[in-house]
Amino acid sequence: MKDRIYIKDLKGNVGKEVVIAGWVDVRRDQGKMVFFDMRDVTGKVQAIAVPNRKEVMEIAGKMRPEWVLKITGIVNKRPEKNIKAGVVNGNVELEVTNIEVLSQATELPFALDAELNFDTYLDYLPLTLRTERARDIFTMQATILDAYRKSLQTQNFSEFEAPAIVGGDAEGGAAAFKVDYYYDQTAYLATSPQFYKQIMVGPFERAFTVAKIFRAEKSATTRHLSEATCLDFEMGFIENELEPMKVLENAIRDTVKIVGELHGDMFARFNTTVPEVPTEIPIFTLAEAQALIAKEFKRTIEDSNDMSPEDERQICEYAKKNLKSDFVFITRFPTKKRAFYTYEEPSETPYSRGFDLLFRGLEINSGAQRIHNYEDLVRRIIERGMNPEKFSYYLQTFKYGMPPHGGSSTGLERFTARMLELPNVKEATAFPRDMNRIDIRLSE
Ligand code: ATP
Ligand code: MG
């Protein structure tokens, strides 16, 4: 828009007539004057319509929150007693000389700053995404994605695009959504880019992808979505799982450093702090972690084969308090609890070279060294009761020579949610899909 300046730049234009554009945020009438806040992507400013400007008053008199306006006005310093310290434009206001209405809004169902029940927030996302809180969350998410990507690029990974439509279910467990495909065939939405990133070790040795994954599990929790975004990498020529763990740790450290530099104010607004990443993220085997939990929290462990959500919370609480770390690695899960391609630790059968990374009480990443030997992989597929012929396409990678390799997958929504300590991963998803909702509620 010609001549438009951003609201954040008003303070450099005191005494001048300028043009801004944005949404009416709140409106306050005082006597004959109309005071209202204008909001654009950079901030808010108080605007004032005075009675001697007839045309201005005519519009100001009838406009409502969320009307979209183009405003011409004179930037004035606010009287000393009205200055709002620490607020963008807390010391300037705009005396309106002209208003052009770009779009009207009907009456809002609620004030934008109202405390909403979470389902109502989701029902009205086209409106509620306009709050500062929502913009903060997705600004944070964009920064995380960018920082993570840059870190992997710096660590010599090549990015590729994984398919979302696949012929079979990679994890052989996670429920997949079916798709009607050509020639009466059934295809699936990918539950993971796993096979494709392993295949990409062939051309690139180190490959990564930012992929959509789709999971049809009928679970309604605060950490599961039907559609999620994952940051997946895979690397060749490793000795064991410690190498992908180190790459992941570097990506986490780089990401935390950048979000800390860029979004210090956001952490304050969400009542949390920049996460602590010590020189080495603590690593516990599953057995060590559960023994610690049993001792520290004086309770019995129900399932010694896997971490329960409570185990995840408590080991993180322990690490935060005693090791000054918001992140914890858990290793040596039983092989049978992990995906079929997971490499077993030969000296510790039946335990695997798989790992999980927990962040502030929640699993945000799973990874492992993978089986690279063709015969071993075929044997494992058979052991799991699956048919190797169904995997023939993927198995070519191993038939034609594959180095020892491993990698991991981080859920972007879970990473974002824990970064800002959001109670529900759905709040860290702009348009969440779950059992009960695709934009609108399915049950009604
Ligand atoms: P969980 O056991 O918590 O259900 P998972 O072990 O099945 O997760 P993985 O297959 O290990 O998940 O996927 C790697 C990462 O992708 C997870 O650590 C998580 O961050 C993310 N992720 C997986 N499934 C979902 C989902 N349904 N919703 C949101 N994020 C997910
Ligand atoms: Mg996992």
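What you are looking at is a predicted structure, and each value in this text was computed from that prediction instead of being measured. First listed ligand is number 1; within each ligand, the first listed atom is number 1.
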Handout entry: Sub-4.0 Å heavy-atom approach of His224 to ligand 1
Key = yes

Problem - Pick from Arg215, Gln194, Arg338: the one approaching atom 9 (P) of ligand 1 most closely through a non-hydrogen atom - result: Arg215

Practice task
Measure up the His405 and His372 rings against each other and bin them: parallel (under 30°), tilted (30 to 60°), perpendicular (over 60°).
Solution key: perpendicular

Problem - ligand 1 versus Ala228: contacting region, heavy-atom distance under 4.0 Å - result: side chain

Practice task
Report yes or no: does Trp67 contribute a side-chain atom to a donor-acceptor pair with the main-chain N or O of Ala105 at less than 3.5 Å?
Solution key: yes

Handout entry: Glu227 bridged to Lys212 by N-O distance under 4.0 Å
Key = yes

Problem - Ser409 neighbourhood, listing ligand 1 atoms whose heavy-atom distance to it stays under 4.0 Å - result: 14 (C), 15 (C)

Practice task
Assign the ring pair Phe340 / Tyr394 to parallel, tilted or perpendicular, where the plane angle (0 to 90°) is split at 30° and 60°.
Solution key: perpendicular

Practice task
Determine whether the aromatic ring centres of Phe177 and Phe214 lie less than 6.0 Å apart.
Solution key: no

Practice task
Report the part of Leu225 (side chain from C-beta onward, or backbone N, CA, C, O) that has a heavy atom under 4.0 Å from ligand 1; answer both or neither where that applies.
Solution key: both

Exercise for the section: Identify whether the distance between the nearest side-chain nitrogen and carboxylate oxygen of Arg332 and Glu288 falls below 4.0 Å. Expected result: no

Handout entry: Any N or O of Ile364 closer than 3.5 Å to N or O of ligand 1
Key = yes

Practice task
Would you check if the Mg ion (ligand 2) lies under 2.8 Å from any N, O or S atom of Ser409?
Solution key: no

Exercise for the section: Could you tell me whether some N/O pair between Glu413 and ligand 1 is separated by less than 3.5 angstrom? Expected result: no

Handout entry: Under 4.0 Å to a heavy atom of Ser366 - the qualifying atoms of ligand 1, by number
Key = 11 (O), 18 (O)

Handout entry: Salt-bridge criterion met for Asp25 and Lys44 (N-O under 4.0 Å)
Key = yes

Handout entry: Cationic tip of Arg338 above Phe333 ring, under 6.0 Å, 45° of axis
Key = yes

Fill in the blank from the handout: Atom name of the N, O or S atom of Glu363 nearest to the Mg ion (ligand 2) is OE2

Problem - Which of the ligand 1 atoms, numbered from 1, are nearer than 4.0 Å to a heavy atom of Arg223 - result: 28 (N), 29 (C)

Problem - N or O contact, Thr410 vs ligand 1, cut-off under 3.5 Å - result: no

Handout entry: Main-chain N/O of Asp303 paired with Gln290 side-chain donor or acceptor, under 3.5 Å
Key = yes

Problem - Proximity flag Asn365 to ligand 1, non-hydrogen atoms under 4.0 Å - result: yes

Problem - Glu217-ligand 1 polar pair, N/O distance under 3.5 Å - result: no

Handout entry: Heteroatom proximity flag, Gly411 to ligand 1, N/O under 3.5 Å
Key = yes

Problem - His263 vs Ile144 side-chain heavy atoms within contact, under 4.5 Å - result: no

